[in-house]
Colleague: 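Below is the structure I would like to discuss, written out as structure tokens.
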Amino acid sequence: MRILVIGSGAREHALVRGLATDPATTALHVALGNDGMSSLATCHPEAGAVDDAAAMVALAREVEAELVVIGPEIPLVAGVADALREAGFAVFGPQKAAAQIEGSKAFAKDVMAAAGVRTAQSRSLAPGASAEELDALLDEFGPTWVIKDDGLAGGKGVVVTEDREAAREHAEAVLASGHPVLAETFLEGPEVSLFCLVDGETVVPLLPAQDHKRAYDGDRGPNTGGMGAYAPTPWLPEDGVERIVREVCEPVAKELVARGTPYSGLLYAGLAWGAEGPAVVEFNCRFGDPETQAVLALLETPLAGVLDAVARGHLSELPPLRWAPGYAVTVVLAAEGYPASPKKGDPIEGVTAETPVLHAGTAAGPDGGFVSAGGRVLNVVATGSTLAEAREDAYRQLDGIHLEGGHYRSDIALPAVEGTITLPGMS
Ligand code: GLY
């Protein structure tokens with residue numbers, strides 16, 4: 001199978017690694033890719049913007065793709081999957097209308113209300129709202145205030161705070177950027193990310209994972225795209241995945257079919273596990289980053305066949321997925337200044353093309369090495385028979401890597417290892 005992957009980060013590097021080890025894969029291309037994945041796939045930095053549908057169709061034709069896998073949300077929300085399907089390609093990734101589940105929080109709330117899915121109460125304000133309207137919104141919600149950018153913000157558009165002034169400042173910044181701002185009630189309970197393969201009404205869950213979104217240890221600092229993750233989640237109730245599928249993902253998939261916009265691709269449910277069970281924090285229309293790096297490290301079923309089954313509408317015929325026993329942990333090494341203003345161009349010591357890290361914001365440097373070229377620079381990924389072992393191995397790998405001014409969290413998966421994650425309503 002000739003495959004084109006669209007995207008350039010560590011999530012796409014994880015997808016490329018999984019696809020490259022599937023014997024069904026005969027050729028692997030990436031648009032735009034990055035220098036760190038060029039030993040596994042042919043990268044096409046010249047292809048044009050990933051949300052330029054005509055450019056992506058042209059590349060898919062040029063490389064004679066039999067399957068196109070779209071990683072990031074921006075091309076999906078822009079309708080690149082629609083253009084590729086119209087041109088006759090099998091595509092892993094939802095059509096534009098269904099990708100609104102991530103592209104518009106108002107759309108997602110409407111779908112959830114119709115599907116009877118538990119989520120936070122919310123209200124939005126459009127750009128141009130007055131200071132009085134904003135104050136009324138802040139009076140109605142919080143503390144704790146949950147203020148979201150109702151546009152694509154790469155996971156960084158959410159501020160959760162006890163500080164009314166900080167909530168107000170973020171809301172003003174969102175409105176000034178021309179996006180609507182959404183205020184929500186705060187959902188209690190630990191967060192879990194469950195990725196589901198969805199093909200119409202067929203829903204197949206992957207392993208549950210937990211992301212660490214704040215920049216610094218102890219869940220302090222600004223929200224980021226994600227600083228590390230682990231899978232599976234030992235603290236989730238035994239029937240946790242089954243309940244999320246039954247109470248959240250299947251009803252949403254059915255509702256999208258009923259609206260005439262069936263979902264095909266990866267539905268990412270970000271949930272808080274509260275006293276009544278799972279409640280939706282957000283949906284994304286694609287694999288999560290960095291959870292994918294941990295989840296795919298445990299997938300034993302060859303990946304190309306899995307994604308192809310979804311793309312061709314045969315997911316219900318796919319045999320059950322096989323998973324390696326144990327746990328996986330991924331930790332992100334971020335550049336100095338991330339997330340506010342990451343510094344680029346610094347040499348990364350201890351990483352060559354053979355080092356088994358996943359590259360995100362890197363570029364080829366002198367002498368076969370790499371330099372930083374983005375905020376989240378790279379991920380280490382480790383597996384182990386226990387979560388503690390996987391964690392230790394991930395940090396051992398990071399000990400051998402040095403990026404001047406770079407930073408990473410030292411507590412990824414630690415609360416789960418120490419057993420300090422508690423579920424509301426359970427003693
Ligand atoms: N892990 C957060 C995201 O992928 O949006």
Side-chain angles (χ1 to χ4, degrees), residues 5-15 50 69-77 92-94 99-105 108 119 146 148-160 182 184 187 190-198 205-216 219 221-233 244 249 265-273 280-297 328-334 338-339 358 360-361 374-381 408-409 411-413 416:
V5 176
I6 295 179
S8 304
R11 165 187 52 207
E12 285 74 27
H13 195 171
L15 287 164
V50 294
V69 178
I70 304 181
E73 63 278 16
I74 290 176
L76 291 165
V77 172
F92 182 87
Q100 293 309 308
I101 200 85
E102 174 165 3
S104 163
K105 292 181 176 63
T119 185
V146 180
K148 295 185 173 179
D149 183 338
D150 193 6
L152 294 179
K156 286 174 273 186
V158 184
V159 162
V160 180
L182 193 84
E184 284 191 355
L187 292 172
E191 289 192 12
V192 56
S193 304
L194 186 71
F195 300 165
C196 291
L197 301 165
V198 178
L206 308 188
L207 293 180
Q210 191 179 48
D211 181 14
H212 296 256
K213 292 203 177 82
R214 300 287 188 130
Y216 312 127
D219 288 331
N223 261 331
T224 69
M227 293 297 288
Y230 63 93
T233 45
I244 297 167
C249 301
L266 194 290
L267 180 65
Y268 166 145
L271 309 126
W273 195 279
V280 173
V281 175
E282 63 175 359
F283 283 115
N284 294 315
C285 62
R286 36 83 194 170
F287 279 100
D289 189 349
E291 297 98 312
T292 299
Q293 291 84 304
V295 170
L296 291 187
V329 172
T330 184
V331 184
V332 172
L333 172 64
Y338 178 77
L358 296 172
R376 288 191 290 179
V377 175
L378 57 82
N379 287 57
V380 294
V381 183
Y408 57 84
R409 279 184 60 161
D411 63 349
I412 301 301

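Note that ligands are numbered from 1 as they come in the structure, with each ligand's atoms numbered from 1 the same way. Side chains included, hydrogens not; waters and symmetry mates left out as well; all remaining heavy atoms used.
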Colleague: Going by the atom numbers of ligand 1, which of them fall below 4.0 Å from some non-hydrogen atom of G225?
Modeller: 1 (N), 2 (C)
Colleague: Which of the atoms in ligand 1, numbered in the order shown and given with their element, are less than 4.0 Å from a heavy-atom of N284?
Modeller: 5 (O)
Colleague: Evaluate D289 for polar contact with ligand 1, using N/O atom pairs at a separation under 3.5 Å.
Modeller: yes
Colleague: Any idea which atoms of ligand 1 are less than 4.0 Å away from a heavy-atom of D211?
Modeller: 1 (N), 2 (C)
Colleague: For ligand 1, is any non-hydrogen atom under 4.0 Å from R286's backbone (N, CA, C, O), its side chain (CB onward), both, or neither?
Modeller: side chain
Colleague: Which pair of heavy atoms, one from P290 and one from T330, lies closest together, and at what distance?
Modeller: O-CG2, 3.4 Å
Colleague: When you compare the side chain of V281 with that of V158, does any pair of heavy atoms fall below 4.5 Å?
Modeller: no
Colleague: Between L15 and L296, is any pair of side-chain heavy atoms under 4.5 Å apart?
Modeller: yes
Colleague: Run through T292, I74, L76 and flag the one making a side-chain contact (heavy atoms from CB on, under 4.5 Å) with R286.
Modeller: L76
Colleague: Look at the rings of F287 and F195 and say which category their plane angle falls in: under 30° parallel, 30 to 60° tilted, over 60° perpendicular.
Modeller: perpendicular
Colleague: Look at ligand 1 and say whether G288 reaches it with a heavy atom at a distance under 4.0 Å.
Modeller: yes
Colleague: Salt bridge or not for K213 and E191, using N-O below 4.0 Å?
Modeller: yes
Colleague: Can a non-hydrogen atom of Y268 be found less than 4.0 Å from any atom of ligand 1?
Modeller: yes
